[in-house]
Amino acid sequence: MDVRISDGWLRIPAKSGKKSKSVRSPFWFFMMEQKERWEKEDKWDKKKTMEELVQATIPIWKENKADPVFLAPYIEQHREWKMNRMGDLENKYDSLGRSLADIQREAQRVRKKEEDMNKEIEETVIRAGNTVARTSFFVAHFNFLCRTQQDFYIPCEGAVVEFSLEKGVIRCWQEFLSPLDSIPVGYKYKCIQSSRVTHNLTPDFEHYQTDYSKIMASLVQFLGGGDKQPPLYVMPDHVDAADCITQFITNKANSQLDFKIFSLPKLLQELGHYPSIHIAQALMEEDRFSHHAGLGCQFHESLGNPHHCSLSICKRMLFTLSASCSNLYRLHLKPGRHLPPDQVEHNLANKLQLSHISFVTEERINRKVPTPGGVTAMPTEFDPKLMVQRRDSEFCSSKAASNHVSVPATLSVPATPTLSASHVLPMSMGAIPKTTPFKARDIREKAGRSHGGAPAVHGWGDNIRLL
């Protein structure tokens, strides 16, 4: 075939046999489900086209797509269809070498666990009915020394508080949990570094409870006994730590019991009838009682650090929840029950015993922050008048030399005194003070100005006044 440039661009038609990949969105699954329902009810003709089906179902979709309950099954069907298209996931891996099939199974397990948790919380509140204000719930918090690379939380303290909306705080359980042999090699410094700025507990703390059989027995008795334990409510960012530490307790105690860890914001959403869990979580994260004393254990109160105490954290969460539900249930908030106590007793004997306990504290907010401005040490022999005179004479002489004009007699400058080595400002390691003698550039020495008829000057630096 003779092809010339004058023939223009060659147009090669696409192969008609190749089909484009079909894309199925959640709306597609809803549309198919609606079509099947209408066919069973004889409301849809099978001869109609797909375009007509779209036009018939899209108004219903737009009306209900804002409801997450309505969307959930279609999103799940879309996710399953998408994963099935990927083929054999057992032999496909992500960038970290994990099997995509394992990731999918773990994601399904987490979703199912969250769905079961939400369903049980909703059923608990509905089942309580009008007596929900008198129903007891348990809020928990667990402190840990640090988190390892294997996502293990090394325990050090745990607290559980029983409460009801009507009575407020009912009972408290708190214990220092010994890490035993759970600290991996090389993690002790990280434990101390983390404890220094949080709960101040160290791996060598003397008051740890090492018998986990006693810990398990006392905790089960506090929760009411029996084979089925009530759920422990924690904040969402604390679920993994609470799960890990409660599992550690049961393993060390050789117990077959299992603790359920539930979301506290979800409980607040159901108790307070909030439209979204995000509103409930935002209210719980305010922590408006975070700096009240008298809420923590004796150790943290004596140390002056109740903010990071597990017992204090539990009580503050309950106070926040009670305050968020007080208007709905018309609660009479009582100090010590629904609010922090009015008066706090300070025990001097507990503070004196701290000298025999191993703990770490952080004296400054951040030890790497340099010395703040304004506190640089000034030499005791520093004389501001001499520095003003020296700077004043240098300024006048340099200006006269640049303008080739002699200095008038009325502006005579006193002779520059000879400064000894003791009058020289040393280099400071901190911040330079805001007020320095070099800012008094146009100032004349008080005696010299007063003789020349000019107004005298009182003070130096930024605090200069003309007299």
Side-chain angles (χ1 to χ4, degrees), residues 66-73 75-76 79 106-142 153 158-170 173 219 223-224 228-247 258-290 310 312-329 331 338:
D67 185 5
V69 179
F70 171 80
L71 285 179
I75 294 177
E76 183 63 27
R79 183 183 293 110
E106 179 64 17
Q108 292 176 351
R109 185 192 68 82
V110 172
R111 284 196 300 270
K112 186 178 184 304
K113 182 179 179 181
E114 184 177 358
E115 291 173 359
D116 295 342
M117 177 196 69
N118 294 338
K119 183 178 180 181
E120 185 171 346
I121 294 176
E122 294 170 1
E123 292 177 351
T124 301
V125 176
I126 294 174
R127 188 167 53 249
N130 296 330
T131 62
V132 66
R134 295 188 293 272
T135 304
S136 295
F137 300 95
F138 295 89
V139 173
H141 184 272
F142 297 91
Y153 296 83
V160 181
V161 176
E162 180 185 1
F163 86 103
S164 67
L165 292 176
E166 184 179 28
K167 296 182 179 180
V169 176
I170 301 175
W173 178 91
L219 181 57
L223 296 176
K228 187 177 181 180
Q229 304 302 321
L232 303 178
Y233 292 90
V234 301
M235 292 297 290
D237 58 350
H238 194 67
V239 171
D240 293 339
D243 256 331
C244 178
I245 294 177
T246 52
Q247 187 65 36
D258 188 20
F259 295 100
K260 292 184 292 186
I261 307 299
F262 283 3
S263 172
L264 185 59
K266 179 61 180 178
L267 178 63
L268 175 58
Q269 180 190 5
E270 297 301 323
L271 292 176
H273 303 295
Y274 289 100
S276 172
I277 191 174
H278 302 291
I279 299 176
Q281 185 168 345
L283 291 173
M284 293 301 304
E285 289 176 350
E286 286 183 359
D287 199 7
R288 65 188 73 174
F289 306 102
S290 60
S310 291
S312 175
I313 293 173
C314 289
K315 290 182 179 180
R316 289 180 345 234
M317 289 191 296
L318 297 182
F319 295 160
T320 303
L321 188 144
S322 300
S324 302
C325 298
S326 59
N327 293 333
L328 180 62
Y329 294 93
L331 302 177
H338 304 91

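Keep in mind the model is a prediction, meaning the values are calculated, not measured. Computation of the quantities below employed the complete heavy-atom set of this structure, encompassing side-chain atoms and omitting hydrogens, waters and symmetry-equivalent molecules.
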From CA spacing to verdict: side chain to side chain contact (heavy atoms under 4.5 Å, CB included), F262, I121
CA-CA 8 Å; F262 283 3; I121 294 176; 3.7 Å; yes
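Here the shortest heavy-atom pairing between F137 and T124 reads CE2-CG2, 4.2 Å. When all heavy atoms of A140 and V234 are compared, the pair lying nearest together is O-CG1, 3.3 Å. Of all non-hydrogen atoms in S263 and P265, the two that sit nearest each other are OG-CD, 3.3 Å. Between A323 and R288 the shortest heavy-atom distance is CB-NH1, 3.7 Å. Heavy atoms only, all atoms of each residue included: L268 and C325 are closest at CD1-SG, 3.6 Å. Residues T246 and F259 come closest through the heavy atom pair CB-CD1, 3.9 Å.
From F319, atom CZ reaches atom OG of S290 across 13.0 Å, with rounding to the nearest 0.5 Å. The distance from atom NE2 of H141 to atom OG of S312, rounded to the nearest 0.5 Å, is 10.0 Å. Summarising the geometry, atom CG belonging to L331 is positioned 8.5 Å from atom CD belonging to E166; distances are rounded to the nearest 0.5 Å. The distance from atom CE of M235 to atom CG of L264, rounded to the nearest 0.5 Å, is 6.5 Å. Interatomic distance, CG of D258 versus CD of Q229, reported as 10.0 Å (0.5 Å rounding). Here the CZ atom belonging to F138 is positioned 12.0 Å from the SG atom belonging to C314, to the nearest 0.5 angstrom.
Comment: E76 engages R79 in a salt bridge, judged by a side-chain N to carboxylate O separation of less than 4.0 angstrom. Between E270 and K266 there is a salt bridge, since at least one side-chain N of the basic residue sits less than 4.0 Å from a carboxylate O of the acidic one. Electrostatic pairing of D243 and K113 counts as a salt bridge here, judged by a charged N lying under 4.0 Å from a carboxylate O. Under 4.0 Å is where a charged nitrogen must lie from a carboxylate oxygen, and between K112 and E115 no such pair does.
Side chains of S136 and I170 form a contact here, defined as non-hydrogen atoms less than 4.5 Å apart. Taking the side chain as every heavy atom from C-beta outward, L318 and V169 approach each other to under 4.5 Å. Two residues are said to be in side-chain contact when any heavy atoms from C-beta on lie closer than 4.5 Å; K260 and K228 meet this criterion. At a threshold of 4.5 Å between non-hydrogen side-chain atoms, the residues L232 and L223 count as touching.
Without hydrogens or angle criteria, H338 side chain to L165 main chain gives a donor-acceptor distance under 3.5 Å. Proximity of a side-chain donor or acceptor of H238 to a complementary backbone N or O of F142 within less than 3.5 Å is detected. A distance-only check finds a donor-acceptor pair linking the side chain of Y329 to the backbone of L271 [under 3.5 Å]. In this structure a side-chain-to-backbone donor-acceptor pair under 3.5 Å is missing from T131 to R134.
Checked against salt bridge (Lys or Arg N to Asp or Glu O under 4.0 Å), E285 has no partners two or more places apart in sequence or in another chain. The salt bridge (Lys or Arg N to Asp or Glu O under 4.0 Å) search around D287 returns R316, not counting sequence neighbours.
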